[in-house]
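Quick note: numbers below take in every heavy atom, side chains included, and nothing from hydrogens, waters or symmetry partners.
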Amino acid sequence: MQVAVLDDYQNVAHRMADWTPVTERADLTVFTDHLADPDELVARLSGFDAVMVMRERTPLPRSIIERLPRLKMIASTGPFNASIDMAAAQERGIVVGTTGGTVASTVELTWALILAAARNLVVESGSVRGGGWQTSVGRELSGRTLGVLGVGRIGARVARIGEAFGMTVIAWSRNLTVEAASQAGATLVTKDELFATADVLTIHMKLSERSTGLVGAAELGQMKPTALLVNTSRGPIVDEAALVDALRSRTIAGAALDVFDTEPLPAGHPLRTLDNVLATPHIGYVCDRPYRIFFRDAVAAISNWLDGQ
């Protein structure tokens with residue numbers, strides 16, 4: 001049996017889990033680079049019986065799955081993965097295993113981005129490293145309004161931290177109730193009020209047909225010119241072209257982003273260079289504890305599948 005681990009960017013798969021239950025019965029190959037070209041990806045994976053994918057780094061749509069006749073098992077980190085065509089996998093009899101995980105790391109990164117953007121930490125740190133000193137005036141968050149788009153497991157925790165910072169917390173999503181918002185320390189408002197009122201608007205929704213493009217030019221146009229947009233959820237929830245236009249025209253003050261339409265973010269993309277963007281490379285879940293859970297559970301899933309072969 002041939003097993004592949006894809007997109008191990010940090011080259012940590014071997015030390016995050018004991019792979020012995022797999023390597024005793026199969027050959028294991030770890031790839032640390034990313035292939036975006038479908039033909040190159042198919043060529044790479046054509047000789048493997050099982051693959052482990054990290055979140056949505058390498059999507060496995062029907063067009064890829066149908067070109068991999070040898071593939072019999074996919075181990076995906078996290079409890080679900082929208083970038084795997086589950087129907088295509090089921091039709092082919094491919095077993096799809098998932099893992100546990102945590103949300104704390106994404107909550108923490110969200111607040112790291114909010115604070116770093118509000119206090120211009122990257123610019124100020126760069127100034128010190130370059131021999132300079134103070135260059136900007138930051139924003140105090142206490143007394144300002146935090147808007148939370150989506151109050152699920154992550155959004156609720158983000159909201160409660162905003163309350164601890166002394167912020168007024170408001171929230172909206174299609175199915176959010178007054179009670180659920182209140183439990184997170186937030187006040188339920190309309191969608192229009194959320195965008196028009198928030199000083200910091202942070203996104204915490206699952207990517208779906210309903211949420212794709214939910215934040216478009218109209219919503220961005222409702223925001224204050226002093227507002228910050230934060231996205232640690234999924235890139236396509238925001239209309240990326242509309243966001244770039246809003247940032248270039250200073251319709252909003254800035255954005256702090258961990259997720260993008262295309263990942264890795266293409267070289268030369270404006271979100272890499274705009275001076276009012278703080279961008280990180282989708283690291284919300286890239287932490288020691290979730291990684292150990294991901295790899296541990298992936299090993300178990302692949303081992304259980306091998307038991308049945």
Side-chain angles (χ1 to χ4, degrees), residues 4-13 30-42 44-45 51-65 74-86 98-99 101-103 105-110 112-113 116-117 122 149-150 154 202-209 211-216 229-244 247 254-274 277-287 290-291 294-295 298:
V5 175
L6 305 186
D7 299 308
D8 181 16
Y9 294 157
Q10 295 87 12
N11 196 20
V12 295
V30 177
F31 296 100
T32 59
D33 62 329
H34 174 75
L35 291 181
D37 181 85
D39 293 335
E40 292 180 0
L41 180 63
V42 168
R44 169 171 285 184
L45 299 183
V51 298
M52 174 189 166
V53 294
M54 176 65 76
R55 307 298 293 169
E56 294 92 359
R57 290 177 184 175
T58 293
L60 294 175
R62 179 179 293 274
S63 58
I64 297 293
I65 290 174
I74 301 168
S76 173
T77 59
F80 57 90
N81 187 335
S83 71
I84 297 174
D85 190 320
M86 300 299 291
T98 58
T99 74
T102 70
V103 300
S105 57
T106 302
V107 174
E108 292 166 5
L109 182 74
T110 298
L113 289 175
V122 174
L149 182 60
I154 295 175
T202 181
I203 300 170
H204 303 287
M205 305 187 81
K206 291 181 181 178
L207 182 62
S208 67
E209 289 185 4
S211 66
T212 298
L214 181 64
V215 182
L229 178 74
V230 182
N231 190 4
T232 57
S233 184
R234 290 296 181 269
I237 294 172
V238 181
D239 182 327
E240 196 167 88
L243 176 60
V244 170
L247 291 165
L257 309 169
D258 188 49
V259 290
F260 309 91
D261 281 3
T262 301
E263 298 179 1
L265 192 62
H269 195 287
L271 292 177
R272 285 184 178 267
T273 57
L274 285 167
V277 173
L278 170 58
T280 51
H282 202 157
I283 55 172
Y285 61 92
V286 182
C287 270
Y291 257 39
F294 286 166
F295 284 107

Residues passing the side chain to side chain contact (heavy atoms under 4.5 Å, CB included) test with Thr262, sequence neighbours excluded, are Pro266
Does the side-chain contact (heavy atoms from CB on, under 4.5 Å) test come out yes or no for Leu243 and Leu257, once each step is laid out? CA-CA 11 Å; Leu243 176 60; Leu257 309 169; 3.9 Å; yes
Thr99 and Gly78: which non-hydrogen atoms are nearest, and at how many Å? OG1-N, 2.7 Å
Would you check if the side chain of Asn81 reaches a backbone N or O of Ser76 as a donor-acceptor pair within less than 3.5 Å? no
Could you grab the distance from atom CD1 of Ile74 to atom CG of Leu60, nearest 0.5 Å is fine? 5.0 Å
Please name all residues satisfying ring-ring contact (aromatic ring centres under 6.0 Å, His included) with Phe294, sequence neighbours left out, ordered by chain then number. none
Between Arg57 (side chain) and Asp7 (backbone), is there a donor-acceptor pair under 3.5 Å? yes
Distance only, no hydrogens: is a donor on one side chain within 3.5 Å (strictly under) of an acceptor on the other, for Asn231 and Ser233? no
Name of the residue among Thr280, Thr232, Thr110 meeting side-chain hydrogen bond (donor to acceptor under 3.5 Å, both in side chains) with Asp258: Thr280
Listed partners of Arg44 passing side chain to side chain contact (heavy atoms under 4.5 Å, CB included), at least two apart: Phe31, Asp33, Leu35
Residues two or more places apart in sequence or in another chain: which of them pass side chain to side chain contact (heavy atoms under 4.5 Å, CB included) with Val122? Leu278
Ile203 and side-chain contact (heavy atoms from CB on, under 4.5 Å): which partner among Ile154, Val230, Leu149? Leu149
Would you check if His34 and Thr58 make a side-chain contact, meaning some heavy-atom pair closer than 4.5 Å? yes
Does the Ser208 side chain pair with the main chain of Ser211, one donor and one acceptor, at a distance under 3.5 Å? yes
For Glu263, give me all partners under salt bridge (Lys or Arg N to Asp or Glu O under 4.0 Å), at least two apart in sequence or on another chain. none
Does a donor on one side chain and an acceptor on the other come within less than 3.5 Å for Asn11 and Thr32? no
Using side-chain heavy atoms (C-beta onward) and a distance below 4.5 Å, is Tyr9 in contact with Pro264? yes
For a 4.5 angstrom cut-off between non-hydrogen side-chain atoms, does Arg272 reach Leu265? yes
Sorted by chain and residue number, the side chain to side chain contact (heavy atoms under 4.5 Å, CB included) partners of Glu240 (sequence neighbours excluded) come out as Phe260, Asp261, His269, Leu271
Ignoring hydrogens, what is the shortest heavy-atom contact between Leu41 and Pro59? Give both atom names and the distance. CD2-O, 4.3 Å
If we only count heavy atoms from C-beta on, is the Gln10 to Val286 side-chain gap below 4.5 Å? yes
Side chains of His282 and Arg55: closer than 4.5 Å at any heavy-atom pair? no
Measuring from Arg234:CZ to Lys206:NZ, what's the distance to the nearest 0.5 Å? 10.5 Å
Determine whether a donor-acceptor pair (N or O, by modelled atom type, separation under 3.5 Å) exists between the side chain of Ser105 and the backbone of Gly284. yes
From OG1 (Thr102) to OH (Tyr285), nearest 0.5 Å: 12.5 Å
